[in-house]
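Note that these values count all heavy atoms, side chains included, but never hydrogens, waters or copies made by symmetry. All values reported here derive from a predicted model rather than from experimental measurement. Residue numbers begin at 1 in each chain, while the letters A, B, ... track the order of the sequences.
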Amino acid sequence: MFDLLSIVFKYIFVIIIYMFIFVIIRMIYLDIRAMEGNPEDSGAYLKLLNRLDSLPYRVRDSYSLNGTLSLGRSSENDVVIKDAFVSKRHLIITKDEEEYFIEDLGSSNGTYVNKQLLVDAAKLINGDIIKIGDLEFIFVNRI
Amino acid sequence: MKNLVDGRLPRRLLLLFELMSMSLILLYRRDSLDIKIVALAIGLLVVVYGANYILSRLSDGDLYIFLIVSMLMSIGIIMIFRISSDLGLKQLLWLVIGIGAFFGSYFMITKLSFWESLFPVYIAAAYSFFAMTLILGDRKHGAINWISIGGISFQPAEMTKIILVFILACFFSGRDKFSRYKYADYWMMGVIYSFIGLLFIQRDLGTAMIFMGIFTGLQYIYSNDRKVIRANIGLFTIGGIAAYILFDHVKVRIMTWLNPWPYIDNKGYQITQSLFAIAEGSYFGTGLGRGNPSFIPLSYNDFIFSSITEEMGVFTGIGIIMLFMILVYRGFKIALRQDSKFYRMLALGITLMFGLQSFVIIGGVTKVIPLTGLTLPFVSYGGTSVLSSFIALGILQGASEKLTREEIR
């Protein structure tokens with residue numbers, strides 16, 4: 001009885017240990033993808049405020065803003081976020097003469113800038129917090 | 001897509017693994033079962049799961065390292081329990097104390113900030129630990145590295161290892177302070193070599209190797225003066241050759257490494273038994289409780305890797321190596337992300353310590369490199385080893401947080 005159990009369990013143990021390693025490596029992989037590029041030393045950028053480890057999809061730590069940047073769930077956006085709360089085409093940030101404007105593209109769950117629901121478009125200033133679903137970005141523009 | 005990697009999944013896998021293995025072990029030990037063992041086994045499950053949960057709330061640093069270590073120690077405790085339920089019981093207690101020490105050192109490193117300025121204290125502490133060992137030490141398994149005070153015996157060298165990391169972090173992060181003195185680099189090297197010499201007198205070759213490795217690694221990364229590094233490597237080479245010629249116990253290690261078979265009934269007994277055990281295990285092992293790990297001397301301590309491989313298979317053995325690899329990878333990542341120079345070096349030193357120690361002992365028992373007695377961190381039986389490894393892990397956890405906060409705005 002014990003022998004049989006022991007033989008069955010040894011296979012299960014190996015499977016559990018490898019699944020564990022696989023899951024951790026996968027989480028680390030997402031973490032590394034998020035590290036790519038470091039735009040913090042050039043112009044304006046969006047910085048993620050959530051802890052990367054807590055997010056089950058691929059998001060970068062920061063995104064630099066040069067010209068226009070669109071954000072949404074579908075892959076034709078500049079920033080693709082596979083979160084259920086993000087609409088296919090969610091928002092767009094445009095640059096106009098050294099000033100940045102954020103515009104919601106009619107997303108179903110909305111965009112919040114400094115805890116206020118964004119209607120149409122608004123001008124972004126340094127330190128604004130942009131909230132989309134559970135994700136929070138801070139807009140940094142140091143001139 | 002969304003739930004492919006749930007953050008809680010590793011924690012649940014760990015719990016499942018512990019539940020299954022614990023119940024199998026209790027079934028194996030069903031004749032000598034008493035309520036204390038069952039209570040402690042359940043206690044460990046609660047403590048490990050709880051500690052991981054609390055940490056995910058408490059720390060905004062790295063959450064993987066404690067998970068990885070939890071898995072390693074679960075594999076270790078099952079094997080120790082299977083070999084001897086007395087030792088298993090003791091190890092369970094040590095693990096609970098160790099997790100307490102982990103949180104203790106984590107809070108001390110994040111809340112207190114005077115660690116950088118204690119350089120003379122560290123040096124004094126290291127030398128007094130060595131003096132204590134030499135005066136009060138008992139000889140066990142060929143090395144004087146145990147002292148016992150009032151019935152509690154411990155290995156000071158395990159603690160000195162952590163102090164060494166602090167000494168080196170202080171020295172390399174405070175270069176400007178030290179460069180006032182002439183030949184500061186050489187003085188530092190002299191101090192480290194005196195440690196290694198003292199370890200040699202105690203015949204603790206494994207720990208001497210770890211000290212050398214941590215020092216050389218940090219020096220290679222942080223020293224500006226290439227001449228000092230060359231001098232270190234030269235001295236190390238000469239010292240190694242001299243040790244081989246002068247000391248018999250070094251020669252024996254090399255001999256049994258190159259060819260243990262002529263000495264199978266005495267000097268080569270340990271290593272050949274270890275190799276037999278690994279071969280016996282094959283891919284999936286014989287199954288828990290169905291092998292003969294007790295044929296290997298120290299099967300629960302230095303040779304735990306061979307025992308695990310015998311009963312749980314080479315795949316589990318490779319799994320352990322992979323767990324150590326991702327632990328070391330996380331350690332390097334923590335060091336890269338840390339802004340404070342002192343804590344960065346601390347993280348790097350501790351990572352080097354874990355990596356080297358696991359490499360030296362796993363390499364030793366599989367006859368890849370000469371065998372030196374060391375514990376496999378978190379897996380092997382041993383109170384001081386568990387305690388010092390968890391203290392080191394707590395420091396690493398503390399260093400994974402942003403300790404010098406700078407505002408974005």
Seminar exercise, completed: If one checks every heavy atom of A:Tyr18 against chain B at 4.5 Å, the contacting part turns out to be side chain

Problem set entry | Parallel, tilted or perpendicular: ring planes of B:Phe354 versus B:Phe378, cut at 30 and 60 degrees | tilted

Exercise. What orientation do B:Phe103 and B:Tyr106 show, parallel under 30°, tilted 30 to 60°, or perpendicular over 60°?
Worked result: perpendicular

Exercise. Does the side chain of B:Gln357 reach to within under 4.5 Å of the side chain of B:Leu376, using non-hydrogen atoms?
Worked result: no

Exercise. Are side-chain heavy atoms of B:Phe81 and B:Leu92 found at a separation under 4.5 Å?
Worked result: yes

Problem set entry | Leading residue by heavy atom contact count with chain B [cutoff under 4.5 Å; candidates A:Ile12, A:Ile16, A:Leu5, A:Ile25] | A:Ile16

Pairs of heavy atoms under 4.5 Å with chain A: top-ranked of [options]:
options                     : result
B:Leu288, B:Ile75, B:Thr316 : B:Leu288
B:Met20, B:Met312, B:Met322 : B:Met20
B:Gly289, B:Gly313, B:Ser21 : B:Ser21

For this session: Identify which part of B:Tyr283 has an atom lying under 4.5 Å from any heavy atom of chain A, answering side chain, backbone, both or neither.
Result: neither

Exercise. Charged N to carboxylate O below 4.0 Å: is that the case for A:Asp3 and B:Arg290?
Worked result: yes

